[in-house]
K.L.:
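Sharing a structure here in structure tokens format.
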Amino acid sequence: MESGPCSRPAEPRHCVSGRAGAGLAFPAFPLSAAGAEPGSRIGTVAAVLPAGGCGERMGVRTPKQFCRVLERPLISYTLQAMERVCWIKDIVVTVTGENMEAMRSIIQRYGHKRISLAEAGATRHRSIFNGLKALAEDQPGCELTRPEVVIIHDAVRPFVEEDILLRVVLAAKEHGAAGAIRPLVSTVVSPSADGHLDHSLDRAKHRASEMPQAFHFDVIYEAYQKVTYKQDLCAAEAMIKEKISQEICVVVNTKDEESVGHLLEEVLRNELNCIKVTSTVLDRTSGDIENFIDQCYSFICVNVVSSESRETRKLLSILEESSLPLLYPVVVVLVHCFDFTVVPLAQKMENLVWIRELAKEAKGRNVLLSGVLLNHSQDEQKLQESLVQSAAIIAALVKERNSALVGQLLVA
């Protein structure tokens with residue numbers, strides 16, 4: 001029997017209908033064409049059984065679905081229960097690639113019919129979506145039929161009765177989606193903001209959601225496509241941010257090891273021990289900053305003396321010539337250092353208004369520019385505190401790459 005990722009075995013001539021898991025024999029009968037059987041009322045029905053779990057919650061090495069009950073894998077009982085329902089045309093089981101062969105062996109050994117396999121995803125959500133895609137008839141070589149209604153059921157729950165399946169399918173056909181529920185047994189509480197008991201929910205007004213669930217196929221398939229697409233974008237964005245936030249280059253205008261720029265570099269190394277921190281000097285010849293252009297997407301430009309934009313524009317010009325911002329957004333943080341007790345903060349911020357205009361220009365070139373005001377105090381303790389606060393602000397700007405903070409002046 002073929003049971004590939006999107007193949008359908010030969011259909012049996014007869015089907016047996018009865019209570020799943022009861023262990024009783026029922027006479028076989030052909031599917032009625034006169035409308036007496038449920039299949040004539042509900043149209044084409046298929047089922048998806050996600051079976052990609054790894055058994056973590058049970059604390060066992062063998063995945064729960066493959067654990068043996070009376071010398072037979074648990075999932076085999078679930079398949080038997082679904083097969084007994086003659087109006088379920090196709091049953092798709094999603095399993096991990098490493099368990100695909102084991103699942104084929106179970107199907108072969110216990111003579112299961114109407115079973116097709118699809119590879120499970122990293123999450124239950126993704127596994128169900130892969131099962132739906134196998135039924136969507138949009139994959140090369142797919143022999144399955146796109147159903148009108150699809151049942152989603154847990155592969156480790158074999159005690160499902162045909163009556164329940166029929167009721168959720170009929171309800172889904174009428175309303176678009178339906179699922180089994182049961183009365184609440186446990187007490188359900190609503191906690192307060194501080195984690196204490198606020199109140200208990202009235203169990204008479206609530207129900208627990210259970211499997212199986214059923215849906216109009218087009219409704220659930222479209223919903224999964226939209227949600228998965230959005231999740232994929234968010235995941236991709238997070239991975240890209242993680243990738244390009246692994247190195248910070250501190251750009252200073254002096255080689256003096258005792259300068260505040262080098263002090264900030266050391267604090268960044270200590271506070272951000274999982275991020276590589278390097279430094280370079282930006283002088284009239286541009287120094288060796290070009291050596292960092294191809295490997296770094298976060299630059300911290302430390303300015304102790306001047307409030308002018310000349311050095312910043314020079315750095316931006318170097319970045320633009322490198323075409324680096326064409327690949328990923330580049331973060332540039334301008335750290336202006338001065339003693340808050342000597343120069344009033346408001347006056348200094350007024351002298352740095354050019355940062356906002358420059359940030360608007362830079363944003364158009366995919367450079368996210370913002371500023372940090374560091375208290376270059378003569379008091380060593382206050383200076384150290386300001387350095388640590390600056391490091392925290394820089395870390396957030398680098399990791400989040402939030403365009404909403406472009407042009408902002410943040411005080412450390």
Side-chain angles (χ1 to χ4, degrees), residues 1-9 46-83 88 90-144 146-147 150-160 210-213 215 217 220-221 223-225 227-236 238-239 242:
M1 179 190 69
E2 294 291 332
S3 56
C6 196
S7 62
R8 183 180 65 195
V48 172
L49 306 182
C54 58
E56 287 183 354
R57 285 187 295 179
M58 286 187 65
V60 295
R61 291 185 178 180
T62 303
K64 184 177 180 181
Q65 60 272 23
F66 296 121
C67 289
R68 291 186 169 271
V69 178
L70 298 178
E71 299 304 316
R72 184 173 178 178
L74 182 59
I75 192 171
S76 179
Y77 292 100
T78 307
L79 296 180
Q80 183 185 45
M82 303 300 285
E83 287 173 317
I88 297 179
D90 296 304
I91 303 167
V92 177
V93 182
T94 61
V95 293
T96 59
E98 61 185 13
N99 290 323
M100 191 71 72
E101 200 55 46
M103 192 66 234
R104 288 194 180 101
S105 298
I106 291 172
I107 294 171
Q108 182 78 27
R109 179 174 180 179
Y110 297 100
H112 292 298
K113 307 295 182 183
R114 293 178 280 155
I115 310 297
S116 297
L117 302 182
E119 188 161 353
T123 63
R124 176 182 171 85
H125 175 96
R126 175 63 69 173
S127 295
I128 293 174
F129 185 43
N130 288 352
L132 295 173
K133 286 194 291 186
L135 291 166
E137 296 183 298
D138 57 2
Q139 298 189 72
C142 185
E143 301 176 7
L144 303 181
R146 188 185 187 100
V150 61
I151 298 168
I152 296 176
H153 186 59
D154 288 332
V156 294
R157 298 184 186 274
F159 305 112
V160 56
E210 296 283 344
M211 290 293 180
Q213 297 172 347
F215 305 85
F217 184 81
I220 189 67
Y221 188 53
Y224 264 78
Q225 284 181 307
V227 172
T228 303
Y229 178 70
K230 185 176 181 180
Q231 286 183 336
D232 286 345
L233 289 179
C234 292
M239 287 188 289
E242 180 69 20

K.L.:
Identify the two heavy atoms, one from A81 and one from V160, that lie closest to each other, and give their separation to 0.1 Å.
P.N.:
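Shortest heavy-atom contact: CB-CG1, 4.1 Å.
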K.L.:
Identify the heavy atoms of A136 and R146 that sit nearest to each other, and give their distance.
P.N.:
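Heavy-atom minimum between the residues: O-NH1, 3.0 Å.
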K.L.:
Over all heavy atoms of both residues, which pair between L144 and S116 is shortest? Give the atoms and the distance, please.
P.N.:
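Heavy atoms only, the tightest pair is CD2-OG, 3.3 Å.
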K.L.:
Ion pair present between R104 and E101, side-chain N to carboxylate O less than 4.0 angstrom?
P.N.:
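Judged by the 4.0 Å cut-off on N to carboxylate O distance, R104 and E101 do form a salt bridge.
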K.L.:
Atom CZ of residue position R109 - does it have more than 12 heavy atoms of other residues, nucleotides or ligands inside 6.0 Å?
P.N.:
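Not buried by this count: 12 neighbours or fewer within 6.0 Å.
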K.L.:
Given 3.5 Å as the limit, does a donor-acceptor pair link the side chain of R114 with the main chain of I88, or not?
P.N.:
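The answer is yes, because a donor-acceptor pair under 3.5 Å joins these two groups.
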K.L.:
Could you tell me whether the side chain of M103 reaches within less than 4.5 Å of the side chain of I115, counting heavy atoms only?
P.N.:
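No, side chains not in contact.
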K.L.:
Mark yes or no for whether D90, through its side chain, and A46, through its backbone, hold a donor-acceptor pair below 3.5 Å.
P.N.:
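Such a contact is absent between D90 side chain and A46 backbone.
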K.L.:
Quick one: does Q65's side chain have a donor or acceptor within less than 3.5 Å of a partner on A155's backbone?
P.N.:
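No, because the side chain of Q65 does not come within donor-acceptor range (under 3.5 Å) of the backbone of A155.
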K.L.:
Are Y221 and L135 side-chain neighbours, meaning at least one heavy-atom pair lies under 4.5 Å?
P.N.:
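Counting from C-beta outward, Y221 and L135 never come under 4.5 Å.
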K.L.:
Any chance you could measure I75, atom CD1, to Q80, atom CD, to the nearest 0.5 Å?
P.N.:
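Reported value, rounded in 0.5 Å steps: 13.0 Å.
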K.L.:
With rounding to the nearest 0.5 Å, note down the distance linking CZ in F215 to CD1 in I151.
P.N.:
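F215 atom CZ to I151 atom CD1 measures 11.0 Å (nearest 0.5 Å).
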K.L.:
Y77 vs L70, test: side chain to side chain contact (heavy atoms under 4.5 Å, CB included). Steps then yes/no.
P.N.:
CA-CA 11 Å; Y77 292 100; L70 298 178; 3.8 Å; yes
K.L.:
Is there side-chain contact between L49 and L79, with heavy atoms separated by less than 4.5 Å?
P.N.:
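Counting from C-beta outward, L49 and L79 do come under 4.5 Å.
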K.L.:
Ignoring hydrogens, what is the shortest heavy-atom contact between F217 and P147? Give both atom names and the distance.
P.N.:
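Here F217 and P147 meet closest at CB-O, 3.2 Å.
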K.L.:
Calculate, to the nearest 0.5 Å, the distance between atoms CZ and CD1 belonging to R72 and I106 respectively.
P.N.:
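Rounded to the nearest 0.5 Å, the CZ-CD1 separation comes out at 10.0 Å.
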K.L.:
State, to 0.1 Å, how close V92 and G131 come at their nearest heavy-atom pair, and which atoms those are.
P.N.:
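Taking every non-hydrogen atom into account, CG1-CA, 4.0 Å.
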K.L.:
Measure the shortest side-chain to side-chain distance between R124 and D154 over non-hydrogen atoms and say whether it is less than 4.5 angstrom.
P.N.:
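They are in contact (side-chain heavy atoms under 4.5 Å apart), so the answer is yes.
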K.L.:
Give the intermediate values and the outcome of side chain to side chain contact (heavy atoms under 4.5 Å, CB included) for residues V93 and I107.
P.N.:
CA-CA 11 Å; V93 182; I107 294 171; over 6 Å; no
K.L.:
Determine the interplanar angle of the H112 and Y110 rings, folded into 0 to 90°, and report it as parallel if under 30°, tilted if 30 to 60°, perpendicular if over 60°.
P.N.:
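Geometry flag for Y110 against H112: tilted rings.
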K.L.:
Using 0.5 Å steps for rounding, measure from the CE atom of M100 to the OG1 atom of T94.
P.N.:
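Interatomic distance, M100 CE to T94 OG1, rounded to 0.5 Å: 9.0 Å.
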K.L.:
How many angstroms lie between atom OG of S76 and atom CD of E71, to the nearest 0.5 angstrom?
P.N.:
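That separation rounds to 13.0 Å.
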K.L.:
Under 3.5 Å, is there a donor-acceptor pair between the side chain of S127 and the main chain of G121?
P.N.:
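Present.
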K.L.:
Give me the atom names and distance for the closest heavy-atom approach of P73 to R68.
P.N.:
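P73 and R68 have their closest heavy atoms at CD-NH1, 3.6 Å.
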K.L.:
In Å and rounded to the nearest 0.5 Å, what is the OG1 to CD distance from T96 to E98?
P.N.:
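These two atoms lie 4.5 Å from each other.
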K.L.:
Begin with the C-alpha distance, continue with both residues' side-chain angles, and end with the deciding distance and a verdict on side chain to side chain contact (heavy atoms under 4.5 Å, CB included) for K133 and N130.
P.N.:
CA-CA 5 Å; K133 286 194 291 186; N130 288 352; 3.4 Å; yes
